[in-house]
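Single-structure report; data block below.
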There are 2 protein chains.
Amino acid sequence: MVTLEDVARHAGVSLATASRVLNGSTRQVGASLRVKVELAAAQLGYRTNVAAQTLARGASNVIGLVVHDLTDPYFAAIADGAMRVAENQGLMVMIGTTHRDPQREIAYVSTLNAQRVRAVLLVGSRVADEQLTRRLREELDRYRETGGRVACVGQDLLGVDTVVPDNRLGAAALARALAGLGHRSFAVLAGPDRLIAPMDRVAGFAGALEELGLPAPLVLHSSFDREGGYAAATQVSGVTCVFAVTDVMAVGALAAFRDRGIRVPEDVSVAGFDDISTLRDLVPSLSTVRLPLAEMGARALEMALAPDEGTGAQVVTGEVILRESTRALG
Amino acid sequence: MVTLEDVARHAGVSLATASRVLNGSTRQVGASLRVKVELAAAQLGYRTNVAAQTLARGASNVIGLVVHDLTDPYFAAIADGAMRVAENQGLMVMIGTTHRDPQREIAYVSTLNAQRVRAVLLVGSRVADEQLTRRLREELDRYRETGGRVACVGQDLLGVDTVVPDNRLGAAALARALAGLGHRSFAVLAGPDRLIAPMDRVAGFAGALEELGLPAPLVLHSSFDREGGYAAATQVSGVTCVFAVTDVMAVGALAAFRDRGIRVPEDVSVAGFDDISTLRDLVPSLSTVRLPLAEMGARALEMALAPDEGTGAQVVTGEVILRESTRALG
DNA sequence: CTGTTAGCGCTTTCAG
DNA sequence: CTGAAAGCGCTAACAG
């Protein structure tokens, strides 16, 4: 294992000089020595020991990313956006997946704190559980007390900089658009009732319907994934339009209707939320609310990295996109 | 910032003792002291400084994962498999995305080496470029010389433990299955000609056709993504069956045919490769060759973590799955 | 511009 | 079972 000291000796300079040329300091080093050091480092195959560097500097070049599930394209897109800015800043990223277990999220914050990462990004809906939220906040506060920076993509419940998709507004806009198509009877595939994002989407949707003087939608709960969408859709009947709170769930719903011999959009219209790009080629193409996922991830990391503790929440509003899965009535 | 020394002082024990109870050593510590230390740590809110630990131990608890693109479900699935085993072993994972730039892959190996990660996993097709491959090998060798472990998911070209999907065999089996359906004229959407995985798939497919005494397929090159599949498909004509070397490209092809008013499978059959789960609900459902993606990622990490430098290559064979996108002729 | 020298926080012999 | 002390490799004053 070649160390900086080896390089310094080999180049006939001091440790400090070698450090200055190899590991970007602001200090200048004379051209001749600089060359010697670089040569020695190359010949010996020197590689900085980042652990030692981190310890000495008291600051690392790593950021932590905590997501629920990387195979869910929603999280993959957000993570990708964040990773691009990390790359541009020369930061490495450490990822943890919670598989939707809030306890794991807390545990990851603790671990990332131990790693002394420069910042941590929490991506994904908060849960409606005071207890859990409080414990997470405590862990985050502990991390922040010692200089850690935190940002979140989700709901503004943690007291940290947050990029918050306006789920209510987006769902409400979607409801109005659907009503504009002539729909009067709706079902909502609502996902689990302990996650806030789906709850907000349901509330926004139902609220808009109420404002329009339309009957309340049939609300069906299930898991937050493709299977949940499928299961919930099997219970749907007597409505002309179904709103699945995520595109991924909408895919499940589409499959369920297909299996039941119910045509979309002829027999029933279906809309989702998120506008997942991998799913844009579905047939029928999915009406949805587009969220700038990658940008949300990027912005969140930028907030976390900003010199001063940002201003709190940055709201992102979705854009309603009507495609083939919803049709005008009458 | 609370240090181990603070804890030790607060508990009235030596640094060594505090270390032994807090950071799993094999040594035993008396019950009374153990309790004191744990209490002190909790009261003070102590968090291990992993950088210091890594430096002192000379070994980290992090593994590195290098993939081309996290938003591509192929890589997400493999990464997920690897991350699950990492989690089980208490390891954190650092991810780098190359965006298909081989230079970046080399750079990441160097960076991960500096981080002194326990192991690095290289996921994705190798490129057909001696020069680049040699440079990557050099970088890997340097890392391995100092105890680093490496495994790869792709082709066995790096002199490291590798999980290799048998692309030729899988594509050949697919070709035979398609010929069995009565198809005689084929086009292959081949992706770029510098990546080995797609080349192998093309070769396997064409080889099987030749063995069957069928005419050689029309081979169309393009980029390795959805857009590439779309672009290549626009040039297809006069064949009854199209093989896209990945499911993601097949999705693009499906879209292109739809836009051209060509029905699948009535007018032309389409098959892909990989069996991406997010794409299972496509209509028509995609015939493909299933690869156990998550398992491949898991196995690769297991090889990298195994006590002894594994046995080289572990071949995984794909399973042909015929669904709705391909139909029997006449 | 260059070198000396104290640490950074933790692990791990080596004694006791 | 417990403690003292010597590093792990690098950075950053501080002095020249």
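The shown structure was predicted, so the numbers you read here are calculated from the model rather than taken from an experiment. Sequence lines set the chain letters: A, B, ... in the order given, protein chains first and strands last, and positions in each chain run from 1.
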message: If the cut-off is 4.0 Å, is Ser14(B) near the phosphate of dG3(D), judged by side-chain N/O to OP1 or OP2?
response: yes
- prompt: Would you say Ser19(B) reaches dT11(C)'s phosphate, i.e. side-chain N/O to OP1/OP2 under 4.0 Å?
  reply: yes
- prompt: Looking at Asn23(A), does any N or O in its side chain come under 4.0 Å of the phosphate oxygens OP1/OP2 on dT11(D)?
  reply: yes
query: Checking only heavy atoms, does the side chain of Arg20(A) share a donor-acceptor pair with the base of dG3(C) at less than 3.5 Å?
result: yes
- prompt: Between dT2(C), dC10(D), dT12(C), which nucleotide has the shortest distance from any of its atoms to the side chain of Arg57(B)?
  reply: dT12(C)
message: The side chain of Ala16(B) is closest to which nucleotide in this list: dG9(D), dC10(C), dG3(D)?
response: dG3(D)
task: Examine distances only and state if a side-chain atom of Thr54(A) and a backbone atom of Val50(A) form a donor-acceptor pair shorter than 3.5 Å.
output: yes
message: Please compare Ala56(B) and Val13(B) by the position of their nearest nucleotide in DNA chain D and report the one closer to 5'.
response: Val13(B)
Residues Thr71(B) and Asp80(A): side-chain donor-acceptor under 3.5 angstrom: no
query: Do Arg134(A) and Glu138(A) meet the salt-bridge criterion of a basic N to acidic O distance under 4.0 Å?
result: yes
task: Name the nucleic acid region contacted by Gly30(B), choosing base, sugar-phosphate or nothing; use a 4.0 angstrom heavy-atom cut-off, strictly under.
output: sugar-phosphate
task: Kindly say if Thr17(B) contacts the phosphate of dT2(D), meaning a side-chain N or O under 4.0 Å from OP1 or OP2.
output: no
message: Under 4.0 Å, counting only non-hydrogen atoms across every strand here, what does Leu15(A) touch: a base, just sugar-phosphate, or nothing?
response: base
query: Is the side chain of Arg149(A) donor-acceptor paired with the backbone N or O of Ala306(A) at a distance under 3.5 Å, no angle test?
result: yes
